[in-house]
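Structure record follows, encoded as structure tokens.
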Amino acid sequence: MKGDAHFCAIDYMLKSMTGYGLGEFTNENKKITVEIKAVNQRYCDISVRLPRKYMFAEEEIKSDIKNTIHRGKVDVFISVENIGEPDVEIYVDNNLAQEYKIALFNLADKLEIEQKLSLEYISSIKDVVTTRPKEADQDDIKNEILSAVNVAITNFDQMRITEGEKLKADILTKNEDITKLLSEIKSIAVKLPEIFKQRLTDKLSNLLDGNTAINEDRIVQEVAIFADRASIDEEITRLESHIKQLIEIVSIGGPCGKKIDFLIQEMNRETNTIGSKANDLDITKIVVEIKSNIEKIREQVQNIE
């Protein structure tokens, strides 16, 4: 129960997909070593490499790993070293050996060559002599392997959590930078209609050269049209909402890489729209900085489970 509580508690922390964990189990008869390595991958792909005679434990090994690892390319290497009495029995397939003997003698007769069969040769033929775990010990062996596997999972997960905390801190720092840059855009955006009005008035004054009175009503109308066309209030509001969501998601943790990746795409889309609609050089420069931070977050997200 303590182990279950441990996994339950850390399952809601932000974790990296990459990591390494080592686990061992030793008793008077054997030493079991388990290594778990993982790299980034969109889906969960677990590959278990263990001695063939212990393949009966493979599915439970994968099941235990899937309880903790939800995404990534996971390689599991298991070695079993017998240091006491062997936990296997030797099985000789006498019928198969007899069939091989008859077939080989018949072949020798047809080819008219002298045939000298040795016990060493017959026993080296595949499946004639095999080893397999003692049936009575299978459950014990499986539990011993799983014990080492779970130690490796714990160590592996701790490394992922440590790396995940670094990713979280970096993402939140860049997210805070985006918030500050967005505030700068908001302060500029408020002044844009007035700036446009002044530019339009100055331009008309130069064109009319003071000979014709400027139609103030028309100026107001043009400014209203510009303000509506260049308004980025909705985009700013949505981007601010995405920024808050990002903070919430990384704070809650758990397997959230795909969710953050989607959110980053939405943040990038709103930022692009702000740049194209605002049509202001200062805002465009800030948009470039925001997009740079979004891209850095996106790169980090690729490492998150």
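FYI, the numbering just counts along the sequence from 1. Atom set for the values below is all heavy atoms of this structure, side chains included, hydrogens, waters and symmetry mates excluded. Since this is a predicted model, take the numbers as computed values, not measurements.
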Does the pair V250 and L172 meet the rule for a side chain to side chain contact (heavy atoms under 4.5 Å, CB included), with working shown? CA-CA 8 Å; V250 299; L172 290 176; 3.5 Å; yes

Is any side-chain heavy atom of Q300 less than 4.5 Å from a side-chain heavy atom of I297?
no

Are R238 and E270 within salt-bridge range, i.e. N to O under 4.0 Å?
-> yes

Ignoring hydrogens and angles, tell me if any N or O in the side chain of S123 forms a donor-acceptor pair with the backbone of L119 under 3.5 Å. yes

**Study point:** Test item: N150 side-chain N/O and L146 main-chain N/O as donor-acceptor pair under 3.5 Å
**Key:** yes

Within-4.5 Å side-chain heavy-atom neighbours: I61 and I78
yes

**Prompt:** Around atom CZ of F105, are there more than 12 heavy atoms of other residues, nucleotides or ligands at under 6.0 Å?
**Reply:** yes

- Query: Quick one: does E305's side chain get under 4.5 Å of I69's, heavy atoms only?
  - Reply: yes

- Query: Does one side chain, of N272 or K291, offer a donor that lies under 3.5 Å from an acceptor on the other?
  - Reply: yes

Item to check | M159 reachable from V39 in the ILVMFWY side-chain graph, under 4.5 Å edges | outcome: no

Scanning both residues in full, the closest heavy-atom pair of L22 with E35 reads CD1-CG, 3.7 Å

Do E235 and K277 come within less than 4.5 Å of each other through their side chains, counting heavy atoms only?
yes

Query raised in the report: Hey, is the main chain of D139 close enough, under 3.5 Å, to the side chain of N143 for a donor-acceptor pair?
Result: yes

Would you say that Y43 contacts K258 through its side chain, given a criterion of any heavy-atom pair below 4.5 Å between the two side chains?
yes

*Quick one: are V151 and E24 in side-chain contact, heavy atoms under 4.5 Å?*
no

Of all heavy-atom pairs linking A152 and G23, the shortest is CB-N, 3.5 Å

task: Test K166 against D170 for salt bridge (charged side-chain N to carboxylate O under 4.0 Å, His left out), laying out the working first.
output: CA-CA 6 Å; K166 294 178 183 177; D170 190 62; over 6 Å; no

**Side-chain donor/acceptor of S63 to backbone N/O of E59, under 3.5 Å** = no

More than 12 heavy atoms of other residues, nucleotides or ligands under 6.0 Å from OH of Y121: yes or no? no

inquiry  = With a 4.0 Å cut-off on N to O distance, would you call E58 and K62 a salt bridge?
reply    = yes

key: Stepwise side chain to side chain contact (heavy atoms under 4.5 Å, CB included) check, M17 with I304   = CA-CA 5 Å; M17 271 192 282; I304 295 175; over 6 Å; no

Q: Give a yes or no answer on whether the side chain of T162 reaches the backbone of Q158 with a donor-acceptor pair at less than 3.5 Å.
A: yes

Electrostatic pair K15-D157, nearest N-O below 4.0 angstrom = yes

Between E163 and R160, does any NZ, NE, NH1 or NH2 come within less than 4.0 Å of an OD or OE carboxylate oxygen? no

| said: Would you say that F56 contacts Q138 through its side chain, given a criterion of any heavy-atom pair below 4.5 Å between the two side chains? | reply: yes

Per side-chain contact (heavy atoms from CB on, under 4.5 Å), K285 is matched among V288, V287, L281 by L281

Chi angles and distances behind the side chain to side chain contact (heavy atoms under 4.5 Å, CB included) call for F77, V34
CA-CA 6 Å; F77 304 91; V34 177; over 6 Å; no

Has N40 got a side-chain atom pairing as donor or acceptor with Q302's backbone, closer than 3.5 angstrom?
yes

Apply salt bridge (charged side-chain N to carboxylate O under 4.0 Å, His left out) to the pair K186 and E240, showing each step before the final yes or no.
CA-CA 11 Å; K186 288 169 68 176; E240 286 177 330; 2.9 Å; yes

| query | Is the count of non-hydrogen atoms from other residues, nucleotides or ligands lying under 6.0 Å from E266 atom CD greater than 12? | reply | yes

Margin query: Count I, L, V, M, F, W, Y as connected when their side-chain heavy atoms are under 4.5 Å apart, and connections chain through other members. Are I122 and V92 then in the same cluster?
Written below: yes

SB check E299 K296 (cutoff 4.0 Å) = no

Exercise. Hey, is K180 close enough to E289 for a salt bridge, meaning N to O under 4.0 Å?
Worked result: no

Closest non-hydrogen contact found for C256 with L14 is SG-CD1, 3.2 Å

(message) Under 4.5 Å between side-chain heavy atoms, counting indirect links through other Ile/Leu/Val/Met/Phe/Trp/Tyr residues: same cluster for M55 and I32 or not?
(response) yes

Stepwise salt bridge (charged side-chain N to carboxylate O under 4.0 Å, His left out) check, K73 with D75
CA-CA 7 Å; K73 176 69 176 69; D75 288 309; 2.9 Å; yes

Worksheet entry | Heavy atoms from other residues, nucleotides or ligands near CD1 of I90 exceed 12 (cutoff 6.0 Å) | no

Does the N303 side chain pair with the main chain of S16, one donor and one acceptor, at a distance under 3.5 Å? no

Margin query: Do L263 and I236 sit in one hydrophobic cluster, given that two such residues count as connected whenever their side-chain heavy atoms are within less than 4.5 Å of each other, even indirectly?
Written below: yes

Problem set entry | Carboxylate-amine/guanidinium proximity below 4.0 Å for K30 and E144 | yes

Are S124 and E120 close enough that some pair of their side-chain heavy atoms sits under 4.5 Å apart? no

I'd like to know if the side chain of N175 reaches the main chain of I243, judged simply by a donor and an acceptor atom lying under 3.5 Å from each other, with no hydrogens or angles considered. yes

